[in-house]
Amino acid sequence: MKTILILLLLVATTLTTPLTFIQKTFAQTAIDGFNPNRVAAERRWEEQFRAVPDPKSAREHLRRLTIEPHIAGTKEDYDTAVYVRDQLRSYGLSAELREYEVWLNYPNSPSTLELITTKRQPLSTREAVVPGDPTSSNPKITPLFNGYSASGDVTAPVVYANYGLPGDYEELKKAGVDVKGKIVIVRYGNSFRGVKAKVAEDQGAVGCIIYSDPEDDGYMQGDVYPKGPWRPVASGQRGSVQFLFDYPGDPLTPGKPAIPGVQRLKPGEATDLTRIPVQPIAYDVAKTILSQLKGPVRPARGFQGGLPFAYHIGGTNDVKLRLKTDMDYKLRKIWDVITRIDGNEEKDRWVILGNHRDAWVFGAVDPNSGTSAMLEAGRGFGALLKQGWKPRRTIILCSWDAEEYGLVGSTEWAEEFADDLREKAVAYLNLDAAVSGPHFGASSVPSLWKLLRATTRDIKDPKTGKSVYQQWQDRAHENRPEGEQHPPEARIAALGSGSDYTPFLQHLGVPSTDMGFNGDYGVYHSAYDSFYWMDHFGDPDFKYHVAAAQLWGTLAMRLADADGLSFDYTDYAGQIRDYFTEAIRLARIRNLAGSLDDKSMTSAIDDLAKEAERVEKNRQEAVRNSDRERLTKINDAIIQAERQFIDAGGLRGRAWYKHQIYAPGIYTGYAAQPLTDFRQALDDRNATNAKESLVKIVEAIKRVTRTLKSV
Ligand SMILES: [Zn+2]
């Protein structure tokens, strides 16, 4: 059946004109989870929805949202919240602001950076004005700074520590360079910047400078802005250095909402904040520093970057830096915008769509391409409601604030409504930087892979006219490693962290997805992530904004309207099996496999796979028979199954993270490290921890299986 469907689709999308008939017939065929009698109506509503988002309107939203820099907690940020709320209200939706008071820093003044050799040379901590980009001269652009950096004034010798990963410091040690009491300069990439700050601090560095190497997102990638989309010489990457892998959200209220009356930690008690000053710089400034360094030349492979000289690691007393950061820390108000479309039959089942709105500067790609898509999706839902559409379940649109500081607005909201969410949340669909180019990519829990793929089959890729699905598959095929077979389906990545799905999935166990259209994008977290950039490089005709809105909204409609929710735990079991096979291979290499009870893990996965298959069969049957009573039970079990991956005690040493399969790695920060604690124990070569964490994972899988067994 599946092969036939794919074949039909291939034919229908490659030879469109003569096969309109087939396409039409095909369009009326099944949507997973919908009774055959309801498919035609659902397709009609979806088509009506997808007819609403429009490039001109998406462009106008983006223009309006990116006029001023709008860092979380500022008046300009508040203005964007009001704009989003009022737009959604004008579409007939009920939107409200939700306020939290959270710990945020802004720089009091530009940080001081001086290179001290035989002379003192002041270095810039600002970005340059780019001729042509009208907003790049806006006086409200903040100087380069890191969210949650400490204030400090340090003068010390400089050491170049490559990416600032633990392995890089080991190489430095081998080369005889100790960073204790020194300032390290590290480059962006290979780990979240909060990890770089944490490792630098742990190694005894007194300050940390993070620069954008041209190899990463500058001229080594292509033409730089404004000639091309890549990072120009005088551009740096702002961003949070919160220890996100410890806990996200307001640093002073872990696990609790930052609302009046809540007990707050003292700033010195927060365990997710660095104690050292951390400062981002541009690569022209990094060039001035790095070119002066002495000491050994690149002690290991991979230390060399894209600047035109051999990278020395420094550490000598004749090249020092002075770094002074002066941060204004305060409790500040932030504003989520929450829009609710009540479900007609199952009001207490929530399908949640979220995108953050705050930006380090203008945030045309990150995040307001997503905000524009949310507004267009909202306009679509508003239009449907006027035509009589009533979603079965409740849809909630969330415009988050202060994501950039550490997923703050989403985390506080998820913590405030944790009990409701545990009971009611069907799924959380995230969209952050929705559009930076034409290439679709997605991450999600495996139970939602099928739904995600199926939905992309019904969205048109603006550039090629194929479906988003087909274009996504074709590209995966083109880019597959040499000698590899045609992958049966394009890969959907694992969710780590770095956007607002984290509190939903990893704290509460709400099945989540994240997606976007990506391209050449080198201006991340700079003043050049602007409307001008989007208009010239990212999405000049704004058609991918429209596609993002169509896809996001269609996914939401399928989850909101389905008879039997399209979740498939067979894929989940298969994915866990793959993760485990890989982990055991690693355990063998490290001589840790002997003490592990891999039999109980394998049998837990087998049981889950078996139950998943049975529930799937029952679900299909109940959908066919419109057996409402049975469907309610199956749907609830399917929703609650993901929750069972949550272990109340949390992960080792970081209790806020509770999901036993998915969490960011401690040393990756953003990237997922599936079977998290088990993998960490293997990396630490700790047999006791490996054994213990595997037991907890097995228990979690068994809980999921039991939940599925109940129907
Ligand atoms: Zn973002």
Closest contact, heavy atoms only, [X] versus [Y]:
X      : Y      : answer
Tyr100 : Gly409 : CE1-O, 4.4 Å
Cys208 : Val186 : SG-CG2, 4.1 Å
Gly132 : Tyr532 : O-CE1, 3.2 Å
Leu407 : Gly498 : CD2-C, 4.0 Å
Pro503 : Ser410 : CG-OG, 3.7 Å
Ser497 : Leu244 : OG-CD2, 3.7 Å

What I want to find out is whether [X] reaches [Y] closely enough, with some N-O distance under 4.0 Å, to be called a salt bridge.
X      : Y      : answer
Arg475 : Glu478 : no
Arg187 : Asp216 : no
Lys198 : Glu201 : no
Asp539 : Arg59  : no

Should [X] and [Y] count as side-chain neighbours, where that means a heavy-atom distance under 4.5 Å?
X      : Y      : answer
Asn430 : Ser512 : no
Tyr211 : Tyr160 : yes
Arg63  : Asp535 : no
Arg193 : His525 : yes
Ile334 : Tyr405 : no
Val546 : Pro462 : no
Ile71  : Thr142 : yes
Gln237 : Pro280 : no

Enter the distance from [X]:[atom1] to [Y]:[atom2] here, rounded to the nearest 0.5 Å.
X      : Y      : atom1 : atom2 : value
Arg64  : Leu375 : CZ    : CG    : 11.0 Å
Asn108 : Asp326 : CG    : CG    : 4.0 Å
Thr456 : Ile492 : OG1   : CD1   : 7.5 Å
Thr502 : Tyr657 : OG1   : OH    : 5.0 Å
Leu104 : Asp77  : CG    : CG    : 9.5 Å
Leu113 : Thr125 : CG    : OG1   : 7.0 Å

Below 6.0 angstrom between ring centroids: does that apply to [X] and [Y]?
X      : Y      : result
Tyr283 : Tyr219 : yes
Trp472 : Phe440 : yes
Phe145 : Trp360 : yes

Just checking, any donor-acceptor pair under 3.5 angstrom between side chains of [X] and [Y]?
X      : Y      : value
Arg357 : Thr371 : no
Asp514 : Ser443 : no
Asp272 : Tyr247 : yes
His61  : Asn368 : no
Asp461 : Tyr544 : yes

Exercise. Any salt bridge (Lys or Arg N to Asp or Glu O under 4.0 Å) involving residues 232-244? Give me the pairs, sequence neighbours left out, ordered by first then second residue.
Key: Glu127-Arg238
Quiz item: More than 12 foreign heavy atoms under 6.0 Å from NZ of Lys182: is that the case here?
Solution: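 More than 12 within 6.0 Å, yes.
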Exercise. Please check if atom CZ in Arg275 has more than 12 non-hydrogen atoms from other residues, nucleotides or ligands closer than 6.0 Å.
Key: yes
Practice problem: Flag this pair as yes if the NZ/CZ of Arg332 is under 6.0 angstrom from the six-membered ring centre of Tyr106 and inside a 45 degree cone about the axis; otherwise no. | Solution: yes
Backbone N or O of [Y] within a donor-acceptor pair of the [X] side chain at under 3.5 Å?
X      : Y      : value
Ser436 : Gly538 : no
Gln506 : Gly496 : yes
Asp168 : Gly164 : yes
Ser372 : Ala58  : yes
Lys196 : Tyr163 : yes
Tyr148 : Gly239 : no
Asp133 : Pro226 : no
Trp400 : Gly354 : no
Gln673 : Ala663 : no
Glu412 : Asp250 : yes

Quiz item: Of all residues at least two apart in sequence or in a different chain, which pass the side-chain hydrogen bond (donor to acceptor under 3.5 Å, both in side chains) check with Ser111?
Solution: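 Partners of Ser111 under the side-chain hydrogen bond (donor to acceptor under 3.5 Å, both in side chains) test: Gln279.
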Quiz item: Please walk me through it: do Val408 and Trp103 pass side chain to side chain contact (heavy atoms under 4.5 Å, CB included)?
Solution: CA-CA 10 Å; Val408 181; Trp103 193 240; over 6 Å; no
Quiz item: Between Asp153 and Arg322, is a side chain to side chain contact (heavy atoms under 4.5 Å, CB included) present by the stated rule, with each step listed?
Solution: CA-CA 7 Å; Asp153 188 350; Arg322 178 186 177 209; 2.8 Å; yes
Practice problem: Could you give me the CA-CA distance, side-chain angles and deciding distance for Arg85 and Trp335, then say whether side chain to side chain contact (heavy atoms under 4.5 Å, CB included) is met? | Solution: CA-CA 11 Å; Arg85 182 195 64 191; Trp335 307 274; over 6 Å; no
Quiz prompt | With sequence neighbours excluded, residues passing ring pair (Phe, Tyr, Trp, His ring centres under 6.0 Å) with Tyr524 | solution =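 Partners of Tyr524 by the ring pair (Phe, Tyr, Trp, His ring centres under 6.0 Å) criterion come out as none, since no residue qualifies.
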Exercise. Run the numbers on Leu115 and Leu321 for side chain to side chain contact (heavy atoms under 4.5 Å, CB included), then give the verdict.
Key: CA-CA 5 Å; Leu115 181 64; Leu321 274 178; 4.0 Å; yes
Practice problem: Please state whether the rings of Tyr528 and Tyr225 are parallel, tilted or perpendicular, taking 30° and 60° as the class boundaries. | Solution: tilted
